[in-house]
Amino acid sequence: MSKKRHFICTHTWNDTESRNAVIENTRGMTDKMFFEALKSEKAETLQHWMGKGDFFFCHWYAESEQTIIDKLSSMGADDFVITMATKTKK
């Protein structure tokens, strides 16, 4: 089993329509539901911060950047955002 590491991801919306669609589709979703949806054996979201801008951030605990990308892709998130994962020092 690989060791998990902490990552901060910057997610940039593909366009305004993508942002609006995600907000509409997740309306009523609790934080617990959000975190459960973004959890797999290899990657999970621990925190998220979204404002009104063109991007938002998430704190992930994952085996690698690729496992984050794979999890998002499996949910179709890559149709709405471009993700850059940065491994933290600790």
Side-chain angles (χ1 to χ4, degrees):
M1 177 196 261
S2 296
K3 181 180 175 187
K4 289 186 179 176
R5 296 168 178 84
H6 292 274
F7 291 83
I8 296 296
C9 290
T10 304
H11 306 282
T12 305
W13 297 107
N14 290 344
D15 50 41
T16 302
E17 292 79 23
S18 293
R19 183 181 188 281
N20 293 341
V22 169
I23 289 171
E24 185 59 34
N25 290 333
T26 58
R27 191 173 308 281
M29 181 181 267
T30 65
D31 282 341
K32 183 177 180 178
M33 293 164 67
F34 176 85
F35 292 126
E36 283 298 317
L38 291 169
K39 185 176 186 176
S40 72
E41 192 174 307
K42 295 182 179 186
E44 63 184 293
T45 304
L46 301 178
Q47 298 174 303
H48 67 93
W49 305 270
M50 185 169 77
K52 296 182 181 188
D54 294 337
F55 57 90
F56 62 100
F57 304 98
C58 289
H59 173 193
W60 285 78
Y61 190 56
E63 291 181 4
S64 67
E65 178 180 1
Q66 191 60 51
T67 61
I68 295 168
I69 300 301
D70 291 345
K71 178 59 185 166
L72 291 169
S73 182
S74 75
M75 301 177 65
D78 46 355
D79 292 336
F80 301 96
V81 296
I82 298 168
T83 298
M84 179 184 72
T86 304
K87 185 170 52 171
T88 63
K89 298 220 182 227
K90 291 197 179 201

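Numbers for residues simply follow the sequence, beginning at 1. Since this is a predicted model, take the numbers as computed values, not measurements.
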Could you tell me which non-hydrogen atom of [X] sits nearest to which non-hydrogen atom of [Y], and how far apart they are?
{"X": "W13", "Y": "F56", "value": "CZ2-CE2, 3.4 Å"}
{"X": "F7", "Y": "A85", "value": "CD2-CB, 4.1 Å"}
{"X": "A37", "Y": "M75", "value": "O-SD, 3.4 Å"}
{"X": "R5", "Y": "K87", "value": "CD-CD, 3.4 Å"}
{"X": "R19", "Y": "G51", "value": "NH2-O, 2.7 Å"}
{"X": "T88", "Y": "I8", "value": "CG2-CG1, 3.9 Å"}

Sub-4.5 Å side-chain heavy-atom contact between [X] and [Y]:
{"X": "M50", "Y": "I23", "answer": "yes"}
{"X": "T83", "Y": "E65", "answer": "no"}
{"X": "L72", "Y": "H11", "answer": "yes"}
{"X": "F34", "Y": "T45", "answer": "yes"}
{"X": "T67", "Y": "W60", "answer": "no"}
{"X": "L46", "Y": "H6", "answer": "yes"}
{"X": "H59", "Y": "F57", "answer": "no"}

Checklist entry - Side-chain heavy atoms under 4.5 angstrom apart, residues restricted to Ile, Leu, Val, Met, Phe, Trp, Tyr: same cluster for F35 and Y61? => result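 No, it is not one cluster - the side chains of F35 and Y61 are not joined through contacts under 4.5 Å.
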
Item to check | ILVMFWY cluster, M84 and I82 together (side-chain gap under 4.5 Å) | outcome: no

Item to check | Exceeds 12 heavy-atom contacts within 6.0 angstrom, atom CG of D54 | outcome: no

Item to check | Flag if over 12 foreign heavy atoms under 6.0 Å of CZ, F55 | outcome: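 For F55, atom CZ is not crowded (no more than 12 foreign heavy atoms under 6.0 Å).
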
Checklist entry - Using a distance-only test with no angle check, is there a side-chain donor-acceptor pair under 3.5 angstrom linking D15 and S18? => result yes

If you measure from [atom1] on [X] to [atom2] on [Y], what distance do you get to the nearest 0.5 Å?
{"X": "K42", "Y": "I68", "atom1": "NZ", "atom2": "CD1", "result": "13.0 Å"}
{"X": "E63", "Y": "E41", "atom1": "CD", "atom2": "CD", "result": "7.5 Å"}
{"X": "N20", "Y": "F80", "atom1": "CG", "atom2": "CZ", "result": "11.0 Å"}

Next on the checklist: Please evaluate residues M29 and E36 with respect to the criterion side-chain contact (heavy atoms from CB on, under 4.5 Å), reporting the C-alpha separation (whole Å), side-chain torsions for both, the decisive distance (0.1 Å), and the verdict.
Outcome noted: CA-CA 11 Å; M29 181 181 267; E36 283 298 317; over 6 Å; no

Checklist entry - Is there a donor-acceptor pair closer than 3.5 Å between any side-chain N or O of T26 and the backbone N or O of V22? => result yes

Next on the checklist: Going by salt bridge (charged side-chain N to carboxylate O under 4.0 Å, His left out), name the residues that satisfy it together with E17, two or more places apart in sequence or in a different chain.
Outcome noted: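 If we apply the salt bridge (charged side-chain N to carboxylate O under 4.0 Å, His left out) test to E17, skipping adjacent residues, there are no hits.
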
